[in-house]
Amino acid sequence: MKVNLVLSGGAARGVAHIGALKAIEELGLKVKALSGASAGAIVAVFYAYGYSPEEMLALVKKTRWLTLFRPQIPKRGLFSFKRAERYFTQLIDVERIEDLPKKVYICVTDVLSGKPLYLSKGKLAPVLLGSCALPGIFEPVEYEDKLLIDGGVMNNLPVEPFERYKTPKIGIDVNPLEEISDCRNIVSLLLRSFFLAVRSNVDKRKELCDLVITPDIASYSPLDIHKADEFYALGYRETLRSLKMFLAKYGG
């Protein structure tokens, strides 16, 4: 069975998408195309380029994430993407989105027009970084006549590019929320506020998917990148469980 994947944002929780891809491969499903926002867009691009789930997990674990984001005097964001862009272009030798081996739609929010965009063509690096530009934390990305920020602001489960297709649409939501006891610093507060806001644009889009998989990661912080193995395992287990039930019902 061929499927189209819709991957939500969720910061470090996005590692669960990688485990989900491993389960999808083990079940023999073929990924026809991917759509993603923020962390989901990163996983979609790396998978479309040809990285295996195992290679992606190893890369997550060896990357020194804090060195990729340069603090700056706040103007439009606390951190710059310049170092991250250089690192990204070393890992993916593709200049344009349409040159990726698999079809990918990257969801971004254009601040100037106030609209979500689903880009499958154009320069890859600035569009992908724009999709990850959490407001207030990262500086927006200037691209063509647009000013890009995190795609999750307008749509954290970007299923729209696949609405007209009959291929089953599998959504993976890695942004469940539960009550917390404290926000320790400004970054934690900004992230918490952001993810609370984006929940409102996810629920209605779940109805457009044939299946939505939500790993049990609500108790984990979106900053827990050091728990990559746990995210991977939780994404793998829940995807395996949910897809086995889905395939038993609909065949495959």
Side-chain angles (χ1 to χ4, degrees), residues 5-22 34-49 51 53 55-61 63 65-66 68-69 79 81 84-85 87-88 91-92 97 104-109 116 118-119 124-125 127-138 141 148-159 170-177 187-188 190-192 194-199 201-202 205 212-215 217-218 220-236 238-239:
L5 293 185
V6 185
L7 308 182
S8 81
R13 292 169 170 177
V15 179
H17 288 314
I18 304 174
L21 285 166
K22 178 63 176 176
L34 305 99
S35 175
S38 199
I42 294 176
V43 174
V45 166
F46 274 75
Y47 190 69
Y49 181 69
Y51 281 87
E55 289 171 333
M56 284 191 280
L57 178 61
L59 187 60
V60 167
K61 292 168 65 176
T63 298
W65 292 98
L66 293 179
L68 298 184
F69 310 119
F79 299 96
F81 273 133
E85 182 171 5
Y87 184 63
F88 169 76
L91 299 172
I92 299 212
I97 305 169
V104 172
Y105 295 88
I106 299 174
C107 178
V108 295
T109 299
Y118 311 99
L119 302 180
L124 177 58
V127 172
L128 182 59
L129 293 172
S131 182
C132 303
L134 286 153
I137 297 178
F138 297 111
V141 175
L148 306 182
I149 60 170
D150 197 296
V153 170
M154 298 291 291
N155 188 348
N156 205 38
L157 196 68
V159 65
I170 309 299
I172 304 176
D173 178 17
V174 298
N175 187 39
L177 292 174
V187 173
S188 296
L190 286 170
L191 275 173
R192 177 69 176 178
F194 173 78
F195 287 125
L196 285 170
V198 304
R199 287 307 306 168
N201 69 47
V202 168
R205 290 179 169 94
V212 177
I213 299 166
T214 306
I217 54 178
Y220 292 80
S221 165
L223 298 175
D224 282 341
I225 193 62
H226 60 286
K227 297 182 179 179
D229 283 323
E230 295 176 49
F231 287 133
Y232 181 91
L234 290 166
Y236 170 81
E238 182 57 30
T239 300

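Using modelled atom types and a 3.5 Å distance limit, the side chains of Ser38 and Asp150 yield a donor-acceptor pair.
How far CD of Glu238 is from CG of Asp173: 11.5 Å, rounded to the nearest 0.5 Å. Taking CD1 from Ile106 and CG from Leu124, the interatomic distance works out to 5.5 Å, rounded to the nearest 0.5 Å. Rounded to the nearest 0.5 angstrom, Leu128 CG and Phe88 CZ are separated by 5.0 Å. Ile213 contributes atom CD1, which lies 5.0 Å from atom CD1 of Ile172 (distance to the nearest 0.5 angstrom). Of the inter-residue distances, the one linking Ser221 atom OG with His226 atom NE2 reads 8.5 Å to the nearest 0.5 angstrom. Separating the CD1 atom in Ile18 from the OH atom in Tyr232 is a distance of 8.0 Å, to the nearest 0.5 Å.
A pairwise comparison of heavy atoms in Pro215 and Gly235 identifies CG-CA, 4.0 Å as the closest pair. Between Leu148 and Gly130, the shortest heavy-atom distance links the atoms CB-CA, 3.9 Å. Closest heavy-atom contact between Tyr118 and Cys107: CE2-SG, 3.8 Å. Residues Pro222 and Ala11 approach most closely at O-CB, 3.2 Å, considering heavy atoms. In plain terms, the two heavy atoms of Met154 and Arg205 that are nearest each other are O-NH1, 3.7 Å. When every heavy atom of Asn201 is checked against every heavy atom of Asn156, the shortest pair comes out as OD1-N, 2.9 Å.
Tyr51 contributes a side-chain N or O that, together with a main-chain N or O of Leu91, makes up a donor-acceptor pair within less than 3.5 Å. The backbone N or O of Gly10 sits nowhere less than 3.5 Å from a side-chain atom of Asn175 that would complete a donor-acceptor pair. The closest donor-acceptor contact from the side chain of Ser8 to the backbone of Val174 lies under 3.5 Å. At distances below 3.5 Å, not a single donor-acceptor pair connects side-chain atoms of Thr109 with backbone N or O atoms of Pro116.
Note on Asp224 versus Arg13: no salt bridge recorded, every NZ/NE/NH1/NH2 to OD/OE distance being 4.0 Å or above.
Side-chain contact between Val43 and Leu21 is present, with at least one heavy-atom pair separated by less than 4.5 Å. Leu59 places a side-chain heavy atom less than 4.5 Å from the side chain of Phe46. Residues Leu34 and Tyr105 fail the side-chain proximity criterion, which asks for heavy atoms closer than 4.5 Å. In this structure, the side chains of Asp229 and Lys61 come closer than 4.5 Å at one or more pairs of heavy atoms. Using a 4.5 Å heavy-atom threshold, the side chains of Ile217 and Pro176 count as touching. Counting only heavy atoms from C-beta outward, the side chains of Val6 and Pro158 approach each other to under 4.5 Å.
Using cut-offs of 30° and 60° on the angle between ring planes, the pair Phe81 and Phe138 is parallel.
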